[in-house]
Student: 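There's a structure below that I have some questions on.
By convention in this document, chain letters (A, B, ...) are assigned in the order of the sequence lines, proteins followed by strands, and residues within each chain are numbered from 1.
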2 protein chains.
Amino acid sequence: MRSNAELAYTKLREMAVNYELPPGSRVNEVWLSQRLGMSRVPIREALNRLVSEGLVRSSAGIGFIGRHVEAPEVCELYDIRADLEAGALHRAAVAGADTGGLAALEATTKRILKAPGRYAIRELIAEDEAFHMALANLAPNPEREVILRNVNARVRFVRRMNLETAVRRRQAFEEHHAILQALLKNDWTSAVNLLRSHLAVSAEKALGLTRAAQAVLASRSDA
Amino acid sequence: MRSNAELAYTKLREMAVNYELPPGSRVNEVWLSQRLGMSRVPIREALNRLVSEGLVRSSAGIGFIGRHVEAPEVCELYDIRADLEAGALHRAAVAGADTGGLAALEATTKRILKAPGRYAIRELIAEDEAFHMALANLAPNPEREVILRNVNARVRFVRRMNLETAVRRRQAFEEHHAILQALLKNDWTSAVNLLRSHLAVSAEKALGLTRAAQAVLASRSDA
DNA sequence: TGTATGCATACTGTATACAGTTCAACTGTA
DNA sequence: TACAGTTGAACTGTATACAGTATGCATACA
């Protein structure tokens with residue numbers, strides 16, 4: 001039986017990732033407490049964890065504050081992501097990691113490329129993140145995985161906007177395919193270079209979407 | 001006036017960094033509450049934040065547990081550190097960052113190299129961390145800085161053991177000096193390579209010290 | 001009409017209480 | 001002597017209460 005604090009953490013983390021905690025404003029603890037059917041204490045415990053994860057802000061005397069889409073933050077997180085993912089792939093190359101396990105990933109990528117338009121955005125996001133995590137985990141490092149999962153969560157909103165058009169979907173998964181082709185040929189140098197380029201394009205697109213993301217959130221709070 | 005939760009966070013974080021919370025055992029909340037002169041609530045709020053920062057463990061029904069020195073974790077954190085720091089320096093190179101501000105760092109490094117034995121270990125640790133952070137911040141990225149500060153805190157204990165001998169001190173700061181020399185000549189390629197080598201050596205030394213660190217902690221708990 | 005002030009309400013931070021759980025110490029038995 | 005079961009103290013998770021603070025709103029004044 002999970003504790004109330006754990007339940008609160010799961011729910012509030014999901015809300016924070018999706019910008020459902022009021023961006024730039026105080027998070028109303030009493031309202032959340034009624035909404036989640038528990039006292040404020042486990043909610044505050046969960047919010048404290050989310051503060052350390054960069055998913056909620058806090059301010060003395062004010063309490064907890066919903067995070068906002070910030071272009072500099074998106075940029076910084078994509079840079080971190082690029083350095084950790086490319087670094088991991090380079091480490092896998094140096095270690096001569098077995099790439100056989102990527103065949104399943106290649107099959108999935110091909111299946112998506114056949115008809116990118118018929119996939120739910122949330123499935124594509126999941127596949128996108130799984131692809132990148134699988135590559136990084138060719139050089140296993142649980143601590144790096146924790147950081148990447150956090151970075152993924154924090155940029156998921158703009159990343160998903162980046163995959164809303166068929167054009168961008170096709171481009172992204174074709175780039176995945178090219179990376180996988182290189183890896184399956186054990187052409188590590190090409191794979192690392194292709195990954196870096198892919199991440200640079202993704203960062204540029206995501207950054208370009210921060211204004212649109214902010215507009216979406218603004219219209220939500222007007223409603 | 002800082003809140004009790006903030007005071008608790010500062011104090012408990014310091015204790016966690018120094019392995020003063022019982023490694024592998026339950027953290028006694030009542031004892032801490034008496035010790036810090038406040039109720040358990042702000043202490044639990046602080047401990048929750050430290051859980052998300054990897055400085056404390058938690059287990060359902062058991063509560064909070066002090067972290068241990070783990071060789072795999074040290075290794076993983078050093079890999080992350082290497083990828084982020086080298087990545088940052090590479091970004092600074094690409095951006096043609098101004099290295100003029102490093103002259104002060106070079107002066108400090110030279111001063112330490114004159115008589116490494118006369119410095120308190122805590123000063124050397126601070127200078128070591130400041131050196132690396134200054135290099136990383138040649139390509140400013142506040143989110144990366146947060147991660148690096150956390151990684152530094154988590155490996156500080158073994159890192160400090162690595163600087164307890166004059167031999168290792170001299171070696172480390174000579175490597176700093178070489179990196180700075182390359183940077184002041186705008187030889188970015190050499191600087192990145194020297195930094196990578198330096199970090200690899202540091203990782204190896206730190207990893208070699210995990211057993212000794214574990215022994216130190218074991219003898220503490222026997223006392 | 002705009003701004004300042006006062007007040008009431010809502011909210012935060014945290015102390016305390018309590019039900020349920022964990023664990024160390026003890027006892028009985030093989 | 002070792003081990004399983006029991007017991008009770010200590011501990012955790014969290015609900016509730018409350019003092020202090022933030023904020024929104026109403027009123028007064030320039």
Student: Flag the pair B/Arg168 and B/Glu164 as a salt bridge only when some basic side-chain nitrogen lies within less than 4.0 angstrom of an acidic carboxylate oxygen.
Tutor: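 So B/Arg168 does not pair with B/Glu164 through a salt bridge.
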
Student: Got a sec? Which of residues 55-68 of chain B come in under 4.0 Å of DNA chain C, heavy atoms?
Tutor: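 The stretch gives B/Gly61, B/Ile62 as the residues lying under 4.0 Å from the strand, ordered by number.
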
Student: Might you list the N or O atoms of the protein lying below 3.5 Å from N or O atoms in nucleotides 6-10 of chain D, with each pair's distance?
Tutor:
none

Student: Can you find a heavy atom in the side chain of B/Phe64 that is under 4.5 Å from one in the side chain of B/Leu21?
Tutor: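 With C-beta onward as the side chain, the pair stays apart.
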
Student: Going by distance alone, is a donor N or O of one side chain under 3.5 Å from an acceptor N or O of the other, for A/Ser59 and A/Arg26?
Tutor: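 No - no donor-acceptor pair under 3.5 Å links their side chains.
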
Student: Would you check if there is a donor-acceptor pair between the side chains of B/Arg44 and A/Asn48 at a distance under 3.5 Å?
Tutor: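 No donor-acceptor contact under 3.5 Å links the two side chains.
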
Student: Which residues in residues 33-50 of chain B have a heavy atom closer than 4.0 Å to any atom of DNA chain C?
Tutor: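 When residues 33-50 of chain B is checked for heavy atoms under 4.0 Å from DNA chain C, the hits, listed by number, are B/Met38, B/Ser39, B/Arg40, B/Val41, B/Pro42.
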
Student: With no hydrogens and no angle check, do the side chains of B/Ser202 and B/Arg81 hold a donor and an acceptor under 3.5 Å apart?
Tutor: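 Looking only at side-chain atoms, B/Arg81 and B/Ser202 do not form any donor-acceptor pair under 3.5 Å.
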
Student: Describe, in one word, how the ring planes of A/His198 and A/His132 are oriented to each other, choosing from parallel (under 30°), tilted (30 to 60°) and perpendicular (over 60°).
Tutor: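 Rings of A/His198 and A/His132: parallel, as their planes differ by under 30°.
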
Student: Does the structure show a Watson-Crick or G-U wobble partner for C/dA30, both distances under 3.5 Å? Name it, or say none.
Tutor: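 With both distances under 3.5 Å, C/dA30 matches D/dT1.
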
Student: May I ask you to say whether A/Asp79 pairs ionically with B/Arg91, meaning some side-chain N is under 4.0 Å from a carboxylate O?
Tutor: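 The answer is yes: the pair qualifies as a salt bridge.
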
Student: Under the criterion side chain to side chain donor-acceptor pair (under 3.5 Å), which of B/Arg49, B/Glu14, B/Glu53, B/Glu45 is the partner of B/Tyr9?
Tutor: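 Testing B/Tyr9 for a side chain to side chain donor-acceptor pair (under 3.5 Å) against B/Arg49, B/Glu14, B/Glu53, B/Glu45 leaves exactly one candidate, B/Glu53.
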
Student: For residues 68-76 of chain A, which side-chain N or O atoms pair as donor and acceptor with protein atoms under 3.5 Å away, sequence neighbours left out?
Tutor:
unit_1  : atom_1 : unit_2   : atom_2 : d
A/Glu73 : OE1    : A/Arg57  : NH2    : 3.0
A/Glu73 : OE2    : A/Arg154 : NH2    : 3.0
A/Glu76 : OE1    : B/Glu143 : N      : 3.2

Student: Identify, with sequence neighbours excluded, every residue that meets ring-ring contact (aromatic ring centres under 6.0 Å, His included) alongside B/Tyr119.
Tutor: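 Partners of B/Tyr119 under the ring-ring contact (aromatic ring centres under 6.0 Å, His included) test: none.
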
Student: Within the 3.5 Å criterion, strictly below it, is a donor on A/His90 or B/Asp83 matched to an acceptor on the partner's side chain?
Tutor: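 Side-chain D/A pair, A/His90 to B/Asp83: absent.
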
Student: Would you check if there is a donor-acceptor pair between the side chains of B/Tyr19 and B/Gln214 at a distance under 3.5 Å?
Tutor: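 No.
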
Student: For DNA chain C, which nucleotides open and close the run of contacts to chain A, 5' to 3', at under 4.0 angstrom from a non-hydrogen atom?
Tutor: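 Counting from the 5' end, contacts occupy C/dC11 to C/dT14.
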
